[in-house]
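Input: a single structure, listed below in structure tokens.
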Amino acid sequence: MIKTIIKEQVREALKTCGFKASRDFVVEVPPNTEFGDYSTNAAMVLCKENKKAPKDLAEALIKELKKNKYFKKLKIDGPGFINIFLAPALYQKVLWEMHEKGVDYAMSDYGKGEKVLLEFVSANPTGPLNIVSARAAAFGDTLYRVMKYVGYAPTREFYINDAGNQVDILAESLELRLREIQGERIGEFPFEAYHGEYVKHLAQKLNAQEGNRVFMMTEKDRMDHLKEFALAEILDMQRSSLDKFDVEFEAWVSEKTLRSEGVVEEVLSYLTEADCTYEKEEAIWFKSEEYGDDKDRVLMKSDGSITYFVPDLAYHLTKIQRGYTTLIDIFGPDHHGYVPRLRAAFRALGYDDSMLEIIYLQQVNLFESGEKVKMSKRAGKIVTMDDLIGEVGKDAARYFFIARKANAHLNFDLELATQKNNENPVYYCQYAHARISSIIKKARKDKMTPRNYRWEHAQRLIKPEEHALIGKLAELPELLIQVAEYREPHRLTVWAEDLCALFHRYYSKHRVVVAKNKELTRGRLLLMERVRSSLAVVLDLMGISAPDKM
RNA sequence: GCGCCAGUAGCUCAGUAGGAUAGAGCAGCAGCCUUCUAAGCUGCGGGUCAGGGGUUCGAAUCCCUUCUGGCGUGCCA
């Protein structure tokens with residue numbers, strides 16, 4: 001908000017001075033407070049087209065800008081930066097504007113209602129969700145919340161891979177465990193089978209419900225029955241983990257259902273019509289290399305079954321048919337080899353593949369006693385999302401997962417995270433919220449809170465620490481837009497930590513509730529209300545609670 | 001081999017979209033509670049931004065290249 005105001009003023013000054021300004025310049029917070037509250041590189045960026053030395057241009061601009069009452073001091077530094085010291089009046093005005101707009105002053109219609117489909121987690125329904133899924137859940141959900149807040153029309157979807165090889169293996173694993181329970185000797189458990197304890201639990205549950213009834217069925221019926229049972233149970237497990245994480249999906253799309261609707265045949269015929277398939281070694285191939293992939297890919301295997309790619313492509317096409325213009329997939333690092341063929345298919349079918357956007361979340365490395373924990377679904381060695389939530393809590397887990405850029409590896413130290421009183425910054429932010437709540441409670445008790453805040457209250461704020469807080473608050477509208485646009489939720493945590501640091505510093509230097517000075521107290525309360533609600537908004541966007549006391 | 005991602009303080013990571021003297025937390029050291037919550041604050045030390053070249057007024061950021069690490073490179077999903 002402040003940057004926008006300053007930029008506006010600089011533009012006007014440029015105009016009044018008669019300078020050309022075709023290139024864009026920036027207004028930013030300088031690295032050092034000696035350089036002022038804000039600075040702009042306008043003079044350097046525009047010096048060439050105006051055929052003037054940066055410093056001359058800057059000088060002319062400053063002369064003009066000095067007429068503005070919001071600028072206390074202006075000077076040229078370095079190669080031609082214009083450094084700006086703001087008058088308290090501007091901070092006060094901005095705070096007052098935020099107050100008048102209310103808690104959601106940072107909300108906007110930036111996204112213009114664009115329909116965005118966010119697909120994430122989409123874990124195989126063959127076991128409990130692991131911590132990589134947890135990372136995807138936290139990341140995707142936060143991105144969803146922010147996009148919605150700034151005016152997009154996003155939807156969250158979970159694609160269920162409930163057809164294909166892995167489901168057969170799941171059913172076979174379950175059958176073996178069931179036989180085991182019934183006293184059969186099954187020998188060594190097959191390497192490919194799912195080794196996790198949960199398969200045993202499923203078997204016990206099924207055994208309790210149905211005894212050996214399943215073994216009366218024909219083999220085909222039995223496999224179908226086991227599949228159905230296992231899928232339903234596991235999906236329930238996954239859903240409940242996500243519930244605990246406060247992550248909801250607008251839709252769960254089943255691959256099996258898609259297949260039964262005939263989309264597989266449809267997609268195959270589209271690709272054939274587009275003349276980009278051929279037969280080789282009794283399989284049907286897609287000429288993906290012609291469309292930018294490394295090599296051609298199999299669509300239908302020689303045994304007549306379909307590869308994962310076909311229904312997945314069909315699923316993506318339904319997204320377009322349903323009117324989404326941006327398709328965001330949040331994938332794990334092991335999927336990047338897969339994406340070129342998806343893009344290739346988009347191009348082959350005449351769709352703009354730039355509407356497909358992939359965010360790769362790098363892996364989560366789990367550390368215990370300084371050693372990396374090796375996880376494997378197949379071998380059953382896994383730390384689940386539930387384990388994690390149980391140990392560190394939803395708030396800390398969500399915070400931790402979004403605190404890093406998507407394409408950075410995430411090292412998760414279990415011991416560190418299991419300590420409740422650790423240095424996890426989530427406590428730092430929540431503590432700030434609790435502290436402010438406490439101040440406001442105290443003010444209310446002392447009958448210092450006004451019925452209505454007035455502009456005069458804002459005018460009592462003259463301390464640099466107060467201006468710093470207002471400056472940070474004023475960044476929020478732009479920040480949220482950037483988080484949405486660049487798909488970078490981690491910036492929320494950076495901002496929250498900055499704001500809280502400014503608050504804690506302010507807290508230790510100045511008292512808010514000053515018994516002898518009611519008007520000053522009210523000015524400061526006005527600011528504190530705004531800090532608290534902004535923090536609460538951001539914590540909520542991250543899916544983290546904002547406690548009133550700790 | 002080829003492709004994708006990464007490499008910033010002892011550790012975990014930011015770095016505002018090309019800007020000024022590269023920042024924070026933790027760890028280490030030294031201080032601060034008769035006041036609205038010390039889960040806090042203040043100060044100190046800590047760097048060849050993996051190496052090299054280029055682009056320009058200006059590079060951690062863009063381009064090229066080398067090195068190191070992770071992942072991918074199935075008629076698995």
Side-chain angles (χ1 to χ4, degrees), chain A residues 3 26 28-32 34-35 39 41 44-45 47-48 53-54 77-81 83 122 124 126 161 163-167 169 192 255 280-285 294-295 297-303 305-309 312 332-340 360 362-363 365 403-413 416 420-432 434-443 445-446 448 475 478-479 482 485-486 490-491 493-495 497-498 500-501 503-515 521 524 528 549-550:
Chain A
K3 286 181 191 172
V26 295
E28 60 192 346
V29 179
N32 194 318
E34 287 167 35
F35 292 134
S39 79
N41 63 354
M44 290 180 297
V45 171
C47 62
K48 262 188 188 162
D77 282 305
F81 289 100
N83 287 328
S122 294
N124 276 337
T126 52
N161 296 129
N165 255 335
Q166 80 283 7
V167 184
I169 296 170
E192 317 78 34
E255 178 184 351
K280 192 179 91 181
E281 292 159 7
E282 290 172 33
I284 298 176
W285 296 68
D294 290 346
K295 50 180 146 185
R297 306 289 176 173
V298 172
L299 299 168
M300 188 184 278
K301 305 179 217 168
S302 49
D303 67 2
S305 66
I306 221 79
T307 59
Y308 163 82
F309 173 52
D312 193 44
D334 49 340
H335 274 71
H336 67 244
Y338 170 72
V339 172
Y360 298 103
Q362 288 298 321
Q363 68 190 80
N365 292 324
R404 278 154 184 82
K405 284 186 295 201
N407 49 15
H409 290 237
L410 196 152
N411 291 326
F412 204 113
D413 188 324
L416 210 71
K420 255 292 198 263
N421 62 335
N422 65 28
E423 64 271 15
N424 195 329
V426 68
Y427 294 110
Y428 187 75
C429 297
Q430 290 181 318
Y431 183 53
R435 256 184 159 178
I436 302 173
S437 298
S438 175
I439 294 172
I440 291 168
K441 206 167 125 197
K442 156 93 173 158
K445 204 175 123 213
D446 294 357
M448 297 295 268
E475 287 177 9
E478 282 170 48
L479 175 88
Q482 285 169 354
E485 198 178 316
Y486 299 119
H490 77 274
R491 289 179 173 223
T493 66
V494 176
W495 183 87
E497 284 171 47
D498 283 353
C500 293
F503 163 73
H504 285 308
R505 219 168 292 158
Y506 179 65
Y507 181 92
S508 57
K509 195 162 175 187
H510 303 288
R511 274 188 73 81
V512 173
V513 181
V514 186
T521 298
R524 291 181 171 176
M528 288 302 112
K549 59 179 174 197
M550 288 170 78

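Just so it is clear, the structure is predicted and the values come from calculations on it, not from any experiment. Labels below follow one simple rule: chain letters A, B, ... track the order of the sequence lines, proteins then strands, and each chain is numbered from 1.
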Find the partner of [N]: check Watson-Crick (N1-N3 plus N6-O4 or O6-N4) and G-U wobble (N1-O2, O6-N3) distances, both under 3.5 Å, and reply none if neither fits.
N	value
B/rC41	B/rG31
B/rG46	none
B/rG72	B/rC2
B/rG7	B/rC67

Atom-to-atom span, [atom1] of [X] to [atom2] of [N] - whole angstrom:
X	N	atom1	atom2	result
A/Tyr431	B/rA39	OH	C1'	6 Å
A/Lys445	B/rU35	NZ	P	14 Å
A/Glu192	B/rA77	CD	C1'	15 Å
A/Arg297	B/rC76	CZ	C1'	13 Å
A/Trp495	B/rG23	CH2	P	22 Å
A/Gln362	B/rG72	CD	C1'	11 Å
A/Glu497	B/rA39	CD	C1'	14 Å
A/Asn407	B/rC71	CG	P	16 Å

Between [X] and [N], is there a contact of a side-chain N or O with OP1 or OP2 at under 4.0 Å?
X	N	result
A/Asn32	B/rA20	no
A/Arg505	B/rG40	no
A/His490	B/rG15	yes
A/Arg435	B/rA38	yes
A/Tyr338	B/rU73	no
A/Lys442	B/rU35	no
A/Lys295	B/rG74	yes

Mind checking [X] for me? I need base, sugar-phosphate or nothing, with any heavy atom below 4.0 Å counting as a touch.
X	result
A/Lys441	nothing
A/Asp334	sugar-phosphate
A/Val29	base
A/Pro333	sugar-phosphate
A/Glu485	nothing
A/Val513	base
A/Lys301	base
A/Ala163	sugar-phosphate

Please confirm whether any donor atom in the side chain of [X] sits under 3.5 Å from an acceptor in the base of [N], or the reverse.
X	N	value
A/His336	B/rG3	yes
A/Glu281	B/rC75	yes
A/Ser302	B/rC75	yes
A/Asn41	B/rG19	yes
A/Ser39	B/rA20	yes

Give, for atom [atom1] of [X] and atom [atom2] of [Y], the distance between the pair rounded to the nearest 0.5 Å.
X	Y	atom1	atom2	value
A/Gln482	A/Arg491	CD	CZ	4.5 Å
A/Asp312	A/Thr307	CG	OG1	9.5 Å
A/Asp334	A/Gln362	CG	CD	10.0 Å

Tell me whether B/rC33 sits syn or anti, counting syn as a glycosidic angle within 90° of 0.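 This nucleotide is in syn.
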
| query | Parallel, tilted or perpendicular for A/Phe503 and A/Tyr507, by the 30°/60° rule? | reply | tilted

Taking the side chain of [X] as its heavy atoms from C-beta onward, which of [options] lies nearest to it?
X	options	result
A/Asp77	B/rG15, B/rC71, B/rA20	B/rA20
A/Gln482	B/rC13, B/rU16, B/rC76	B/rU16
A/Arg491	B/rU21, B/rC41, B/rA17	B/rA17
A/Phe81	B/rA39, B/rA77, B/rG19	B/rG19

Is the shortest side-chain heavy-atom distance between [X] and [Y] below 4.5 Å?
X	Y	value
A/Arg435	A/His504	yes
A/Met44	A/Pro79	yes
A/Tyr506	A/Arg524	yes

Original post:
According to the 5.5 Å centroid and 30° plane-angle thresholds, does A/Tyr428 stack upon the nucleobase of B/rA39?
Top reply: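 Taking the rule of under 5.5 Å and under 30°, the ring of A/Tyr428 does not stack on B/rA39.
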
query = Going by 5.5 Å between centroids and 30° between planes, is there a stack of A/Phe35 over B/rA20?
reply =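 A/Phe35 ring centre within cut-off of B/rA20 base, planes near parallel; stacks.
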
- [ ] Could you please spell out the steps behind the side chain to side chain contact (heavy atoms under 4.5 Å, CB included) verdict for A/Asn83 and A/Phe35?
- [x] CA-CA 6 Å; A/Asn83 287 328; A/Phe35 292 134; 3.7 Å; yes

